[in-house]
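Below you'll find the structure, written out as C-alpha coordinates, and then a few comments.
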Protein chains: 2
Amino acid sequence: MKYTEFENCGLKKSLDMISGKWNPLILYHLFHQGNYRFNELWQTIPKVSKKVLTKHLRQLEENGLIQRKEIQGFPPRTSYNLSNKGKKLGPILKDLDNFGNS
Amino acid sequence: MKYTEFENCGLKKSLDMISGKWNPLILYHLFHQGNYRFNELWQTIPKVSKKVLTKHLRQLEENGLIQRKEIQGFPPRTSYNLSNKGKKLGPILKDLDNFGNS
DNA sequence: AAACTAGATTACCAAAAAGTAACCTTCTTG
DNA sequence: CAAGAAGGTTACTTTTTGGTAATCTAGTTT
(Lines give C-alpha, C1' and ligand atoms only; values in the text may rest on other atoms or scores of the structure.)
Protein backbone atom coordinates (compact mmCIF):
# COMPACT_ATOMS: atom_id res chain seq x y z
CA MET A 1 0.00 0.00 0.00
CA LYS A 2 1.39 3.36 -0.98
CA TYR A 3 0.80 6.61 0.83
CA THR A 4 -1.69 7.85 -1.75
CA GLU A 5 -3.76 4.69 -1.45
CA PHE A 6 -3.62 4.86 2.33
CA GLU A 7 -5.07 8.35 2.32
CA ASN A 8 -8.39 7.03 1.10
CA CYS A 9 -8.42 3.50 2.39
CA GLY A 10 -11.35 2.42 4.51
CA LEU A 11 -9.33 2.13 7.69
CA LYS A 12 -8.10 5.70 7.47
CA LYS A 13 -11.59 6.95 6.70
CA SER A 14 -13.09 5.13 9.65
CA LEU A 15 -10.46 6.35 12.06
CA ASP A 16 -10.85 9.91 10.83
CA MET A 17 -14.58 9.64 11.42
CA ILE A 18 -14.36 8.52 15.03
CA SER A 19 -11.09 9.76 16.42
CA GLY A 20 -11.72 13.45 17.10
CA LYS A 21 -11.26 14.24 20.78
CA TRP A 22 -14.95 14.02 21.66
CA ASN A 23 -16.38 11.75 18.98
CA PRO A 24 -16.15 8.48 20.90
CA LEU A 25 -17.97 10.00 23.85
CA ILE A 26 -20.64 11.58 21.64
CA LEU A 27 -21.21 8.24 19.94
CA TYR A 28 -21.25 6.47 23.28
CA HIS A 29 -24.06 8.67 24.53
CA LEU A 30 -26.08 8.37 21.34
CA PHE A 31 -25.73 4.59 21.53
CA HIS A 32 -26.95 4.50 25.11
CA GLN A 33 -29.72 7.03 24.99
CA GLY A 34 -31.20 7.24 21.52
CA ASN A 35 -31.27 10.95 20.93
CA TYR A 36 -30.09 14.23 22.33
CA ARG A 37 -30.76 17.88 21.80
CA PHE A 38 -27.74 20.10 21.40
CA ASN A 39 -27.73 21.55 24.88
CA GLU A 40 -28.49 18.23 26.50
CA LEU A 41 -25.43 16.78 24.90
CA TRP A 42 -23.38 19.80 25.83
CA GLN A 43 -24.40 19.49 29.48
CA THR A 44 -23.79 15.76 29.45
CA ILE A 45 -20.26 16.22 28.18
CA PRO A 46 -19.09 18.82 30.63
CA LYS A 47 -15.82 20.00 29.20
CA VAL A 48 -16.34 20.38 25.51
CA SER A 49 -16.85 23.87 24.13
CA LYS A 50 -19.94 24.61 22.06
CA LYS A 51 -17.76 25.42 19.10
CA VAL A 52 -15.98 22.10 19.14
CA LEU A 53 -19.16 20.17 19.92
CA THR A 54 -20.78 21.77 16.89
CA LYS A 55 -17.79 20.93 14.75
CA HIS A 56 -17.77 17.31 15.86
CA LEU A 57 -21.50 16.94 15.27
CA ARG A 58 -21.29 18.48 11.80
CA GLN A 59 -18.49 16.15 10.91
CA LEU A 60 -20.29 13.09 12.20
CA GLU A 61 -23.28 14.19 10.18
CA GLU A 62 -21.23 14.73 7.03
CA ASN A 63 -19.82 11.26 7.44
CA GLY A 64 -23.32 9.89 7.73
CA LEU A 65 -22.96 8.50 11.24
CA ILE A 66 -25.59 10.71 12.84
CA GLN A 67 -28.68 12.63 11.79
CA ARG A 68 -29.59 16.15 12.77
CA LYS A 69 -33.20 17.19 12.86
CA GLU A 70 -34.62 20.62 13.44
CA ILE A 71 -37.66 20.52 15.67
CA GLN A 72 -40.42 23.01 14.88
CA GLY A 73 -41.37 25.54 17.54
CA PHE A 74 -39.73 28.20 19.56
CA PRO A 75 -36.95 28.43 20.50
CA PRO A 76 -35.69 26.28 17.66
CA ARG A 77 -34.37 22.94 18.84
CA THR A 78 -32.29 20.30 17.22
CA SER A 79 -32.16 16.61 17.81
CA TYR A 80 -29.29 14.31 17.09
CA ASN A 81 -29.42 10.56 16.74
CA LEU A 82 -27.47 7.74 15.15
CA SER A 83 -28.13 6.89 11.53
CA ASN A 84 -28.38 3.30 10.36
CA LYS A 85 -24.80 3.53 9.22
CA GLY A 86 -23.79 4.86 12.62
CA LYS A 87 -25.50 2.00 14.37
CA LYS A 88 -23.36 -0.44 12.43
CA LEU A 89 -20.37 0.92 14.28
CA GLY A 90 -21.74 -0.49 17.53
CA PRO A 91 -20.06 -3.88 17.46
CA ILE A 92 -16.77 -2.43 16.29
CA LEU A 93 -16.71 0.14 19.08
CA LYS A 94 -17.50 -2.65 21.50
CA ASP A 95 -14.58 -4.67 20.15
CA LEU A 96 -12.28 -1.69 20.49
CA ASP A 97 -13.47 -1.17 24.04
CA ASN A 98 -12.79 -4.79 24.91
CA PHE A 99 -9.40 -4.61 23.29
CA GLY A 100 -8.46 -1.52 25.26
CA ASN A 101 -9.51 -3.17 28.49
CA SER A 102 -7.53 -6.34 27.88
CA MET B 1 -20.43 7.52 31.45
CA LYS B 2 -18.78 10.63 32.85
CA TYR B 3 -15.81 12.39 31.37
CA THR B 4 -13.42 10.96 33.95
CA GLU B 5 -14.58 7.43 33.26
CA PHE B 6 -14.31 8.02 29.55
CA GLU B 7 -10.72 9.09 29.92
CA ASN B 8 -9.67 5.59 30.82
CA CYS B 9 -12.27 3.46 29.16
CA GLY B 10 -11.15 0.77 26.76
CA LEU B 11 -12.46 2.53 23.70
CA LYS B 12 -10.46 5.66 24.38
CA LYS B 13 -7.36 3.64 25.12
CA SER B 14 -7.67 1.68 21.90
CA LEU B 15 -8.22 4.76 19.80
CA ASP B 16 -5.27 6.51 21.40
CA MET B 17 -3.13 3.48 20.56
CA ILE B 18 -3.95 3.38 16.87
CA SER B 19 -5.01 6.83 15.80
CA GLY B 20 -1.72 8.68 15.50
CA LYS B 21 -1.25 9.95 11.96
CA TRP B 22 0.97 7.06 10.84
CA ASN B 23 -0.02 4.24 13.17
CA PRO B 24 -2.61 2.61 10.92
CA LEU B 25 -0.14 2.48 8.05
CA ILE B 26 2.66 1.14 10.25
CA LEU B 27 0.37 -1.57 11.55
CA TYR B 28 -0.85 -2.34 8.05
CA HIS B 29 2.69 -2.99 6.87
CA LEU B 30 3.60 -5.09 9.87
CA PHE B 31 0.47 -7.17 9.31
CA HIS B 32 1.33 -7.76 5.68
CA GLN B 33 5.03 -8.33 5.91
CA GLY B 34 5.96 -9.72 9.30
CA ASN B 35 8.87 -7.53 10.25
CA TYR B 36 10.71 -4.41 9.26
CA ARG B 37 13.93 -2.69 10.12
CA PHE B 38 13.74 0.98 10.96
CA ASN B 39 14.98 2.28 7.64
CA GLU B 40 12.97 -0.21 5.64
CA LEU B 41 9.84 1.07 7.25
CA TRP B 42 10.93 4.65 6.80
CA GLN B 43 11.50 4.10 3.08
CA THR B 44 8.24 2.24 2.73
CA ILE B 45 6.31 5.12 4.25
CA PRO B 46 7.72 7.92 2.19
CA LYS B 47 6.50 11.02 3.94
CA VAL B 48 6.90 10.40 7.61
CA SER B 49 9.85 12.03 9.31
CA LYS B 50 12.31 9.91 11.25
CA LYS B 51 11.39 11.78 14.38
CA VAL B 52 7.72 11.04 14.11
CA LEU B 53 8.29 7.47 12.95
CA THR B 54 10.42 6.88 16.03
CA LYS B 55 7.78 8.43 18.24
CA HIS B 56 5.02 6.28 16.77
CA LEU B 57 7.08 3.11 17.07
CA ARG B 58 7.99 3.85 20.68
CA GLN B 59 4.37 4.46 21.51
CA LEU B 60 3.18 1.30 19.78
CA GLU B 61 5.83 -0.57 21.71
CA GLU B 62 4.82 0.99 25.04
CA ASN B 63 1.25 -0.02 24.33
CA GLY B 64 2.41 -3.55 23.72
CA LEU B 65 1.27 -3.73 20.09
CA ILE B 66 4.71 -4.21 18.59
CA GLN B 67 8.10 -5.52 19.65
CA ARG B 68 11.46 -3.93 19.00
CA LYS B 69 14.57 -6.05 18.78
CA GLU B 70 18.15 -4.94 18.47
CA ILE B 71 20.09 -7.10 16.06
CA GLN B 72 23.75 -7.73 16.93
CA GLY B 73 26.41 -6.62 14.46
CA PHE B 74 27.56 -3.50 12.79
CA PRO B 75 25.99 -1.11 12.01
CA PRO B 76 23.43 -1.76 14.73
CA ARG B 77 20.03 -2.69 13.34
CA THR B 78 16.60 -2.91 14.83
CA SER B 79 13.67 -5.05 13.88
CA TYR B 80 10.04 -4.34 14.53
CA ASN B 81 7.18 -6.82 14.49
CA LEU B 82 3.70 -7.25 15.89
CA SER B 83 3.29 -8.70 19.36
CA ASN B 84 0.60 -11.26 20.13
CA LYS B 85 -1.54 -8.46 21.47
CA GLY B 86 -0.99 -6.46 18.31
CA LYS B 87 -2.03 -9.39 16.17
CA LYS B 88 -5.36 -9.46 17.95
CA LEU B 89 -6.10 -6.08 16.43
CA GLY B 90 -6.17 -7.65 12.97
CA PRO B 91 -9.89 -8.45 12.74
CA ILE B 92 -10.87 -5.11 14.25
CA LEU B 93 -8.79 -3.17 11.77
CA LYS B 94 -10.30 -5.24 9.02
CA ASP B 95 -13.79 -4.37 10.27
CA LEU B 96 -12.90 -0.69 10.39
CA ASP B 97 -11.55 -0.89 6.86
CA ASN B 98 -14.76 -2.51 5.63
CA PHE B 99 -16.81 0.05 7.45
CA GLY B 100 -14.89 2.93 5.90
CA ASN B 101 -15.34 1.45 2.45
CA SER B 102 -19.07 0.96 2.82
C1' DA C 1 -39.90 46.95 25.65
C1' DA C 2 -36.42 44.19 28.18
C1' DA C 3 -34.96 39.72 29.20
C1' DC C 4 -34.80 35.04 27.98
C1' DT C 5 -34.45 30.87 25.07
C1' DA C 6 -31.76 27.09 21.97
C1' DG C 7 -28.51 26.56 18.90
C1' DA C 8 -25.31 28.06 17.17
C1' DT C 9 -21.08 31.47 14.83
C1' DT C 10 -17.10 34.63 15.23
C1' DA C 11 -12.55 36.39 16.40
C1' DC C 12 -8.93 35.42 18.85
C1' DC C 13 -5.64 32.37 21.60
C1' DA C 14 -3.30 28.00 23.48
C1' DA C 15 -1.85 23.42 23.14
C1' DA C 16 -0.75 19.29 20.73
C1' DA C 17 0.97 16.89 16.86
C1' DA C 18 3.81 16.70 13.08
C1' DG C 19 7.62 18.39 9.88
C1' DT C 20 12.70 19.88 8.72
C1' DA C 21 17.43 19.79 8.82
C1' DA C 22 21.43 19.09 11.21
C1' DC C 23 23.86 16.26 14.18
C1' DC C 24 25.45 12.06 17.01
C1' DT C 25 27.40 7.29 17.83
C1' DT C 26 30.11 3.35 16.90
C1' DC C 27 32.15 0.55 14.17
C1' DT C 28 33.82 -0.77 9.19
C1' DT C 29 35.65 -0.09 4.78
C1' DG C 30 38.41 2.19 1.07
C1' DC D 1 42.24 8.66 8.30
C1' DA D 2 38.04 10.12 5.86
C1' DA D 3 33.64 8.49 4.54
C1' DG D 4 29.79 5.74 5.21
C1' DA D 5 26.12 3.06 7.49
C1' DA D 6 21.79 2.31 10.82
C1' DG D 7 19.12 4.15 13.95
C1' DG D 8 18.22 7.40 16.06
C1' DT D 9 18.13 12.66 18.88
C1' DT D 10 17.93 17.73 19.02
C1' DA D 11 16.41 22.43 18.24
C1' DC D 12 13.33 24.88 15.87
C1' DT D 13 9.06 25.78 12.87
C1' DT D 14 4.46 24.80 10.98
C1' DT D 15 -0.03 22.81 11.02
C1' DT D 16 -3.91 21.03 13.24
C1' DT D 17 -6.92 20.81 16.91
C1' DG D 18 -9.27 22.49 20.63
C1' DG D 19 -10.65 26.31 24.00
C1' DT D 20 -12.79 31.12 25.58
C1' DA D 21 -15.80 34.70 25.56
C1' DA D 22 -18.71 37.61 23.10
C1' DT D 23 -22.29 37.89 19.79
C1' DC D 24 -26.37 36.62 16.76
C1' DT D 25 -31.27 35.20 15.62
C1' DA D 26 -36.06 35.51 16.18
C1' DG D 27 -39.95 34.41 18.60
C1' DT D 28 -41.77 34.37 23.95
C1' DT D 29 -42.55 35.62 28.37
C1' DT D 30 -42.79 39.25 32.06
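Just so it is clear: chains get the letters A, B, ... in the order the sequence lines come, proteins before strands, and each one is counted from 1.
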Donor-acceptor pair between K69(B) and N35(B) side chains, under 3.5 angstrom: no
Under 4.0 angstrom between Y36(A) side-chain N/O and dA6(C) OP1 or OP2: no
Interatomic distance, Y80(A) OH vs dA6(C) C1' [rounded to whole Å]: 11 Å
Exercise: do K85(B) and N63(B) side chains pair donor with acceptor under 3.5 Å: no
Side-chain N or O of R77(A) closer than 4.0 Å to phosphate OP1/OP2 of dG7(C): no
dA6(D) phosphate, OP1 or OP2, under 4.0 Å from T78(B) side-chain N/O: no
Gap between atoms CD and P, on Q59(B) and dA16(C) respectively (whole Å): 14 Å
Spacing of R37(A) atom CZ relative to dT5(C) atom P, expressed in whole Å: 13 Å
Ring-ring centroid check Y3(A) W22(B), cutoff 6.0 Å: yes
Letter per nucleotide, 5' to 3', of nucleotides 19-30 of chain D [B base touched, S only sugar-phosphate touched, - untouched; heavy atoms, 4.0 Å]: BB-----BBS--
Whole angstrom value for the distance that separates P of dG8(D) from CD of E70(B): 7 Å
Aromatic plane relationship, Y36(A) with H29(A) - under 30° parallel, 30 to 60° tilted, over 60° perpendicular: perpendicular
R68(A) side chain near dA8(C) phosphate (N/O to OP1/OP2, under 4.0 Å): yes
L65(B) backbone acceptor or donor facing S83(B) side chain under 3.5 Å: yes
Contacts of K12(A) that satisfy salt bridge (charged side-chain N to carboxylate O under 4.0 Å, His left out) - sequence neighbours left out: E7(A), D16(A)
Integer-rounded Å distance: dT10(C) P and L53(A) CG: 16 Å
Spacing of Q72(A) atom CD relative to dG7(C) atom C1', expressed in whole Å: 14 Å
From dG8(D), dG7(C), dA6(D), nucleotide with atom closest to N39(B) side chain: dA6(D)
Whole-Å distance separating the NE2 atom of H56(A) from the P atom of dT16(D): 16 Å
Whether F38(B) and Y80(B) hold their rings parallel, tilted or perpendicular, with breakpoints at 30° and 60°: tilted
Length of the line joining R58(B):CZ and dG7(D):P, which is rounded to integer Å: 11 Å
N or O in side chain of T54(B) less than 4.0 angstrom from dG8(D) OP1/OP2: no
